[in-house]
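Data first, discussion second: the structure below is written as structure tokens.
Each ligand, and each atom within it, is numbered from 1 in the order the structure gives.
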Amino acid sequence: MTILRSGSATHVGQVRSNNQDAPLVAEQSHLYGVADGMGGHQGGEVASAMAVATATEHTGERSLEALKHAARIANRAIFEKAGSDPDLHGMGTTLVALQLIEGPEGDEIAWINVGDSRVYLLRDGELRQLSHDHSLVEDLVRDGRITAEEAKVHPQRNILTRALGIDLDVDVDGASILPLAGDRFLLCSDGLFNEVSLDQMSAVLRRLVDPDEAASELVRLANEGGGRDNITVVLVDVIDDGGRSAAIAEAQAAAIAAAEARAAAERAEAEEAARQAALAAQETEPGPNTVEVEPEPAVAFADRRSSLPDAQDDYAAVGTDLYADLDRVRAKRVTWRVLAFVAALLIVAGVVVGALYVSQSGTYHVRVRGEMVSVYRGQEGGFLGIQPSFEYDMPFAIEDVPEPFRSQLISGKEFSSIGAVNRYQLNIQSAIDATSTTTTSTTTTSTTSTTRLATTSAPASTVPGVTTAPAGNATTTAPGTTRPPG
Ligand code: MG
């Protein structure tokens with residue numbers, strides 16, 4: 001059987017002239033709640049009082065559905081009262097309530113919520129909110145438009161999206177939870193959590209065992225924090241859960257023991273597998289003192305036996321052993337032959353690649369680059385990913401080169417050494433000089449051409465321009481929020 005104990009405190013706060021909050025503590029029916037009324041004149045007080053009274057009156061059945069139904073009845077009653085009394089027009093109220101109910105698995109705690117009062121649960125030292133606020137800022141937080149911290153000081157934080165008494169019908173949130181000994185439920189109006197942080201609330205709830213004392217301390221902290229609204233706190237402690245938490249602890253211990261046993265078995269299995277793998281590796285790797293063993297084919301074994309003379313049947317076992325030894329030696333030889341073959345293959349491949357590389361690095365090609373005739377080291381198009389490197393430009397432009405050299409250069413020409421390139425260049429230069437001499441021979445004497453043999457030089461390096469963007473951390477400034485005067 002579940003046993004509850006409660007405590008409560010309510011306070012007008014430091015600013016308001018009247019207290020429109022109403023605590024609900026009905027221990028006989030295991031019903032607890034908080035209503036936070038709103039509306040001019042006496043409207044707020046009337047609405048919250050009506051919510052508490054109607055809920056108490058209509059929760060005899062002790063089920064989640066009955067609790068929700070009671071809230072809907074209260075809604076209708078407040079709505080009709082507001083419509084019939086001009087002084088109470090527009091009044092409404094929040095309502096959070098919880099009740100010990102009988103569920104399919106025994107006692108449960110059912111809770112409901114309409115508006116922005118809250119239900120929290122402290123379990124295993126952790127305080128978490130069970131209800132969701134029906135408020136504009138909650139919607140903004142849920143949509144990611146403001147943070148939970150910004151919601152606390154948002155100028156429109158008092159705007160509710162749902163309340164009792166505003167419309168003919170209302171949706172009521174609710175759920176039920178299995179209570180465990182040590183659970184502490186906190187029901188409160190926004191006058192508490194707008195002034196006191198979650199950590200502060202949690203610390204008080206963990207520190208003060210007596211629920212009345214803890215409720216009073218929370219109210220004191222809210223007043224200390226500003227007391228800009230009415231403050232109401234109702235605490236419900238689960239003193240006894242009828243052995244449920246003990247049974248759960250027992251089941252958890254059994255589950256942990258089973259998991260540990262499973263883990264130990266898996267470890268042993270893995271160790272055995274590793275041992276077997278190591279043995280297999282030893283058997284397959286022929287060491288200096290090991291002999292390759294291959295499975296003996298049953299047919300071959302039988303054939304060999306039958307091939308032995310009948311008179312030697314008695315020696316069949318000895319003969320079989322000899323054949324087995326022979327096979328082992330053969331297998332060993334085969335293994336070493338395979339290894340030797342692979343090694344030889346690798347060496348040959350290495351030699352071929354090396355030779356190709358050496359031959360490539362000693363190769364040159366000459367081709368036209370813009371107006372110039374350029375010499376490159378390496379094959380045109382590259383070799384095994386190594387691109388040819390620019391060496392130098394020949395000291396004449398392509399337009400000065402006569403045929404057939406010009407066509408050869410335009411097609412690209414390859415040489416096996418830098419000496420061959422130099423000879424080719426000399427030939428071109430001679431042809432150019434000859435052409436020049438022919439065209440000017442009528443007026444000038446021929447001069448000996450001096451051909452400058454180009455030496456290998458590094459190409460001019462180009463340093464690309466670097467555009468440096470100014471580094472900086474973009475900061476997002478949160479929209480300004482102003483705490484309204486209390
Ligand atoms: Mg309030």
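The existence of a salt bridge linking Glu224 and Arg220 is confirmed by a sub-4.0 Å separation between a basic side-chain nitrogen and an acidic carboxylate oxygen.
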* Evaluate the criterion side chain to side chain donor-acceptor pair (under 3.5 Å) for residue pair Asp229 and Ser189; output intermediate values, then yes/no. => CA-CA 9 Å; Asp229 197 356; Ser189 60; over 6 Å; no
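The set of protein atoms (N, O or S) found at less than 2.8 Å from the Mg ion (ligand 1) reads Asp36 OD2, Asp190 OD1, Asp229 OD2, by chain and number.
Between Val114 and Asn75, the closest side-chain pair of non-hydrogen atoms is not below 4.5 Å.
Of the possible polar contacts, none joining the Asp241 side chain to the Leu180 backbone as a donor-acceptor pair under 3.5 Å is found. Side-chain N or O atoms of Thr59 include none that pairs as donor or acceptor with a backbone N or O of Leu67 at under 3.5 Å.
Within 6.0 Å of NE2 on His69 lie no more than 12 heavy atoms contributed by other residues, nucleotides or ligands.
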